[in-house]
Amino acid sequence: MSQNSIHWFRKGLRLHDNPALMAALRDSRHIYPLFLLDPWFPNNTRIGINRWRFLIQTLRDLDNSLKDLNSRLFVIQGSPTEVFPELFEKWNISRLTFEVDTEPYSRRRDEEVIRVAERCGVEVISKISHTLYNIDRIIEENNGKTPMTYVRFQSVVAAIGVITLHSKDHEEHFGIPSLEDLGLDTSSLGPDLFPGGEQEALRRLDEHMQRTSWVCNFEKPQTSPNSLNPSTTVLSPYVRFGCLSARTFWWKLVDVYRGKKHSHPPVSLHGQLLWREFFYTTARGIPNFNKMQGNPHCVQVDWDSNPELLSAWSEARTGFPFIDAIMTQLRQEGWIHHLARHAVACFLTRGDLWISWEEGQKVFEELLLDADWSLNAGNWQWLSASTFFHQYFRVYSPIAFGKKTDKYGDYIKKYLPGLKMFPADYIYEPWKAPRSIQERAGCIVGKDYPRPIVDHMVAHKKNLQRMKAAYAKHSPEENPIEKGQKRKAKSSMEMPQKKAAKLY
DNA sequence: TGTGTGTTGACAGG
DNA sequence: CCTGTCAACACACA
């Protein structure tokens, strides 16, 4: 039997570890590798120019790889339910294959496409390969409940057992558009530090996996948010687009770890992949995951609406050099270290500006090369102490935090060259520098660089109280009255006992 | 229902 | 480098 198949690339933009693509190849006479530029995405999400470039580079790389196999990538603009019926008929298609995607829009889209395919008599095959595990099964194994902690998540996946890795492996052509073809403004393109594509992804993976002791000793919290070159792998954009299979990454790490002492989840590189899996699971299980309202696990906070403060943050004009340097790196290069994300996210939300994490989520969605719906929403909830993380009294200092790993402010000077001449004593707080030093540095605060938009000490103390009030009102699954009584009992009884126990 | 724990705080003090 | 304190959270498990 010979068939004509379409393999629909969405994420999973690779040839390696691609079970759905393999399913398309089986017994096929013709296979049509297809990528749709679905207008839903630019119409409903924010895609910055740097991520557009990453996508186009990735598609070119995929096309090149397919050329080596005597094939080409077909790139078509249009919504799936309109495009597919035409293509099914035009190419006489009997089979459609694609990778499972767990995001809300993707699930709705795929359900509709499956219905369209059924009507056209086209068999649909979908395979899991974007995640290590079957995300739905994780929730099932946890009695239908979404695991809410990493520890809980780990115990559930441990029970599921080892993940598997898929074994390795025309006529007219619809070309890959350029950024200009797509009508995009390319004037703000940043340096091309992380070019898209499977070949680049595999090259970078290989490069890092050769550093065996670095891999074995990797502990995420020990890596620096403000080194001049990334202190971590920056494989995240590649995993996000599926240029690199998370499963291939996982098993490469198994090879490197074998027979050696190595770090473990949550801090290890394996642990990082499991964090991704954790947030994919919670994003699948929790309704309205990218919103506060209607999200049953999210603490409801009375965030301020303050467009001036928000744009100062997103445009690197807060007057805190550490924060502004990070936001500059983000905008120019499309990637910042995870702890740098913590620092700016805390600053925007519960730490200083008291602006909703949803606003920060939008900015990251636009600017990060690795912006991923599930991870972005999950991490913003984490950092704003809305869901998953509740120790809201742990606040990052926009002054002190960066000093731990960059005493002299070299990172700040790289991204904010206007502050280059400031002495180390004042680089994190230039407004404290005497006028003479500001003049010598050629940078007057309030004129050449903004004054701080908030007093951190005042703001964070006030915000702590506002968080306390929000938590007092928060009652995810319980009767609020009952909860209030429990809280009272705890605070009057437990604390003195604890202190007494310590004294004796 | 109490207790231990939680990838990644800041700060003072030894 | 480590520790405890600050003031205090929810989740998970026994």
Side-chain angles (χ1 to χ4, degrees), chain A residues 142-143 145-156 217-227 231-232 263-279 282 286 296-299 301 322 326 336-347 349-352 375 378-379 381-405 428 456-457 460-478 482-499 501-503:
Chain A
N142 195 39
N143 302 317
K145 286 184 290 197
T146 307
M148 292 303 289
T149 66
Y150 190 84
V151 170
R152 179 75 205 150
F153 169 84
Q154 268 188 297
S155 76
V156 178
N217 292 323
F218 185 93
E219 292 188 8
K220 186 64 167 281
Q222 304 308 316
T223 59
S224 168
N226 49 1
S227 50
S231 61
T232 51
S263 56
H264 291 276
V267 296
S268 63
L269 284 167
H270 262 174
Q272 306 313 300
L273 288 169
L274 291 177
W275 276 108
R276 172 175 180 269
E277 216 76 4
F278 172 66
F279 284 125
T282 57
I286 298 174
H297 287 274
C298 185
V299 179
V301 178
F322 180 56
I326 294 168
I336 51 178
H337 186 276
H338 188 62
L339 290 177
R341 303 180 195 201
H342 278 217
V344 297
C346 184
F347 185 86
T349 57
R350 66 192 168 86
D352 294 87
L375 275 58
N379 278 304
Q381 284 169 82
W382 186 290
L383 250 298
S384 61
S386 299
T387 314
F388 309 118
F389 174 82
H390 307 281
Q391 292 159 288
Y392 57 76
F393 36 89
R394 291 188 181 174
V395 177
Y396 289 87
S397 162
I399 297 140
F401 185 65
K403 285 185 186 173
K404 285 192 287 190
T405 43
Y428 283 87
H456 173 68
M457 290 317 283
H460 105 267
K461 286 235 168 73
K462 185 184 169 199
N463 292 348
L464 272 178
Q465 294 313 306
R466 294 179 81 170
M467 281 307 281
K468 191 179 171 182
Y471 266 86
K473 274 198 227 163
H474 179 61
S475 50
E477 276 125 336
E478 279 181 352
E482 217 176 296
K483 201 175 177 188
Q485 286 171 346
K486 239 166 68 180
R487 190 181 304 275
K488 260 180 195 160
K490 248 188 171 176
S491 55
S492 62
M493 297 291 291
E494 208 181 297
M495 290 307 287
Q497 276 177 354
K498 250 191 186 169
K499 281 224 168 92
K502 261 184 194 164
L503 283 170

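Each chain gets a letter, A, B and so on, in the order the sequences are listed, and its residues count up from 1. All values reported here derive from a predicted model rather than from experimental measurement.
OP1 or OP2 of B:dA10 sits under 4.0 Å from a side-chain N or O of A:Lys404. In this structure, A:Arg394 does not reach the C:dC6 phosphate: none of its side-chain N or O atoms is under 4.0 Å from OP1 or OP2. Proximity of A:Lys468 to the phosphate of C:dC9: no side-chain N or O atom is located under 4.0 Å from OP1 or OP2.
When the options A:Thr223, A:Thr405, A:Asn226, A:Thr232 are evaluated for a side-chain hydrogen bond (donor to acceptor under 3.5 Å, both in side chains) with A:His337, the one that passes is A:Thr223.
Heavy atoms of A:Gln222 sit nowhere under 4.0 angstrom from any nucleic acid atom. Looking at heavy-atom distances under 4.0 Å, A:Val267 makes contact with a base. In this structure, A:Phe388 reaches neither bases nor backbone, as no heavy-atom distance under 4.0 Å exists between it and the strands shown.
Across every strand in view, B:dT8 sits unpaired, with no contact that passes the Watson-Crick or G-U test at under 3.5 angstrom. Nucleotide C:dA7 has no partner under the Watson-Crick or G-U criteria, as no pair reaches both atom distances under 3.5 Å. Pairing of B:dG14, defined by two Watson-Crick or G-U wobble distances under 3.5 Å, is identified with C:dC1.
Using modelled atom types and a 3.5 Å distance limit, the side chains of A:Ser386 and A:Gln381 yield no donor-acceptor pair.
By the criterion of a centre-to-centre distance under 5.5 Å and near-parallel planes under 30°, the ring of A:Phe393 forms no stack with the base of C:dC6.
Under the 6.0 Å cut-off for aromatic ring centres, A:Phe388 and A:Phe279 qualify, their centroids lying closer than that.
Which of B:dT8, C:dA8, C:dA12 sits closest to the side chain of A:Tyr396 comes down to B:dT8.
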